[in-house]
Amino acid sequence: MKILVIGSGGREHALAWKLRQSPHAERIFCAPGNAGTAEIGENVTIPANDLRALVRFAKENRIDLTVVGPDDPLAAGIVDLFAAEKLRAFGPTKSAARIEASKIFAKELMRAQKIPTAEANTFSDSNEAVRYCERAKFPVVIKADGLALGKGVTIASDPTTARSTIDEMMNQGRFADAGLRIVIEEFLSGTECSLHALVDGRNYLLLESARDHKRALDGDNGPNTGGMGAFSPADNWNSKLQAQFEKQIMRPLLRGLLQGGINFRGLLYPGLIITSGGLRVLEFNCRFGDPETQALLPRMKSDLLPLLEATIDGTIDRCAIEWDSRAAVTVVLASAGYPGKYETGKPISGLEDAAKLEDIHIFHAGTRRVNGQIETAGGRVLAITALGSTIEHARGRAYDAAARIHFENCHYRRDIALGAAAANIRELS
Ligand code: AMP
Ligand code: GLY
């Protein structure tokens, strides 16, 4: 089979790497890819949001399966465009992708199906939103309705912050049309967990649990990022929570989607928070998580390709996934300044040396090769995943590898999976 992976992040490198191992995969293309995907397949210089050019490429090259990594092309309807040309693509249609692309749509669906989530109000008038905040209990969480590169959520601890956030989103066009409508919801405290499900419209198959670290700096300080690290399995997850999750969230969600005439086929990843009052949904994502995918796929022993195909064909109920029982820890190496301004074009050294370590996978994100030299080309540069018998073991290995890699202004968190590793040790002793 000829496979096209759309995107250029660490998630896409991990997907391409995993699909490459399938005995059914003949050629792998990545659009636009990065220096890592170029080593396992062929990069195609088409940006992930140039939908027409991607359709043309898939047609001309007789691509058998396209796997869409990021949310933007899904929200823009790439899968619908492919379907219209009888091309197979993994991911939800435009109307199904609204579950991530519109927080208001997701909230309405959850309300109708009584899926536990934060109490929320939606606003399309900024004065009304400000007036609401005058009476609200702080902190409140303010969310742009649409996609905002993971930056559309602000936790406002006082009315002044709330007022300025509302003004930026709704009046000053900080997120363009994505911020014209907003959701203001109650602040929930607890620990977060990411669950990934392959959903074929009627049925689903869960992947193992994972946790990511969204804040830029150690100790969960600094701004939210796309994710600075992840680990799997999640230390805060267990079979009791999983049973609750399936009963209170997954089944009602699929029912609600079908009732609304939406046949969701693709990867659904609810972001969850475990509060003292039980599980709550923070958001729904309609694609693989980044960097969760880089932690999950090295643990997946089964071939990913038939699983993606079964999702498209509506036969996921006949599938199962075999997992490596070892833990995985992923540390993201970023350019200093990310998620704000950062420099690119810094030569990267030590990649080969780090790759020699046992059970290490180095996934590229913002990298490119210029005259034979791999250099930085983005905010998140590399994701280093290590497997180990315990989270502590995997964590040590991931940081050993990270220490061997160098580029100017490299920044990474030193506390990925730290609490989990400590808990793991306590549990074992
Ligand atoms: P979202 O894009 O909706 O997942 O939000 C991004 C991050 O903001 C989440 O992963 C949480 O860390 C935080 N967050 C979102 N909603 C809430 C909430 N209601 N209470 C507390 N934190 C939240
Ligand atoms: N790791 C968070 C996300 O992919 O949305």
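For ligands, and for the atoms within them, numbers begin at 1 and follow the listed sequence. Excluded from the calculations below are hydrogen atoms, water molecules and symmetry mates; all remaining heavy atoms, backbone and side chain alike, are included.
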**Q.** Closest contact, heavy atoms only, L15 versus F288
**A.**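 Closest approach of L15 to F288: CD2-CE1, 3.9 Å.
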
Q: Just let me know how R11 lines up against ligand 2, side chain, backbone, both or neither, with a heavy-atom cut-off below 4.0 Å.
A: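 Contact part for R11 vs ligand 2: neither.
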
Q) Using a heavy-atom cut-off of under 4.0 Å, does the side chain or the backbone of R287 touch ligand 2, or both, or neither? A)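 Only the side chain of R287 comes within reach of ligand 2.
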
Q: Tell me, please, which residues at least two apart from V381 pass side chain to side chain contact (heavy atoms under 4.5 Å, CB included).
A: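 If we apply the side chain to side chain contact (heavy atoms under 4.5 Å, CB included) test to V381, skipping adjacent residues, the hits are S335, I348, T367, T376, F407.
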
Q.
Going by the rule side chain to side chain contact (heavy atoms under 4.5 Å, CB included), which residues pair with E375 if we only count those two or more places apart in sequence or in a different chain?
A.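 Listed in chain order: R368, V370.
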
List of N/O pairs, ligand 1 versus protein, all under 3.5 Å?
from	atom 1	to	atom 2	distance (Å)
ligand 1	2 (O)	K103	NZ	3.4
ligand 1	2 (O)	E283	OE1	2.9
ligand 1	3 (O)	K103	NZ	3.3
ligand 1	3 (O)	K143	NZ	3.0
ligand 1	4 (O)	E283	OE1	3.1
ligand 1	4 (O)	E283	OE2	2.7
ligand 1	10 (O)	E192	OE1	2.8
ligand 1	10 (O)	K214	NZ	3.0
ligand 1	12 (O)	E192	OE1	3.4
ligand 1	12 (O)	E192	OE2	2.5
ligand 1	16 (N)	K143	NZ	3.1
ligand 1	16 (N)	E185	OE2	3.4
ligand 1	19 (N)	E185	OE2	2.7
ligand 1	19 (N)	E186	O	2.9
ligand 1	20 (N)	L188	N	2.8

Q) Can the ring centres of F57 and F29 be said to be less than 6.0 Å apart? A)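 Between F57 and F29, the centre distance is under 6.0 Å.
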
Q) So, is E292 polar-close to ligand 2, with some N/O to N/O distance under 3.5 Å? A)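 The answer is yes, given that E292 and ligand 2 share an N or O pair closer than 3.5 Å.
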
Please determine whether a side-chain nitrogen of the Lys or Arg among [X] and [Y] lies less than 4.0 Å from a carboxylate oxygen of the Asp or Glu.
X: R380; Y: D290; value: yes
X: E100; Y: R287; value: yes
X: D200; Y: R202; value: no

Q. Going by heavy atoms, is F288 under 4.0 Å from ligand 2?
A.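 In this structure, F288 fails to qualify as a contact of ligand 2 - no heavy atom is under 4.0 Å.
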
(Q) Please determine whether any non-hydrogen atom of G289 lies less than 4.0 Å from an atom of ligand 2. (A)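 Per 4.0 Å heavy-atom rule, G289 contacts ligand 2.
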
Q | ligand 2 atoms in contact with Y269 (distance to a heavy atom under 4.0 Å) | A |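 Contacts of ligand 2 toward Y269, numbered from 1: 1 (N), 2 (C), 3 (C), 4 (O), 5 (O).
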
**Q.** Proximal ligand 2 atoms for G226, defined as those under 4.0 Å from one of its heavy atoms
**A.**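 Close to G226: 1 (N), 2 (C).
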
Q) In chain order, what residues pass the ring-ring contact (aromatic ring centres under 6.0 Å, His included) check against F264, with sequence neighbours excluded? A)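 Checked F264 against ring-ring contact (aromatic ring centres under 6.0 Å, His included); zero matches.
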
Q) Which heavy atom of the protein is the closest neighbour of atom 1 (N) of ligand 2, given with residue, atom name and distance? A)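 Checked against all protein heavy atoms, atom 1 (N) of ligand 2 sits closest to D212 OD2, 2.6 Å.
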
Q | Distance-only polar pair, side chains of D167 and S126, donor-acceptor under 3.5 Å | A |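 Distance-only check fails for D167 and S126.
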
Q: Ignoring hydrogens and angles, tell me if any N or O in the side chain of H213 forms a donor-acceptor pair with the backbone of R413 under 3.5 Å.
A: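 Checked: no pair found.
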
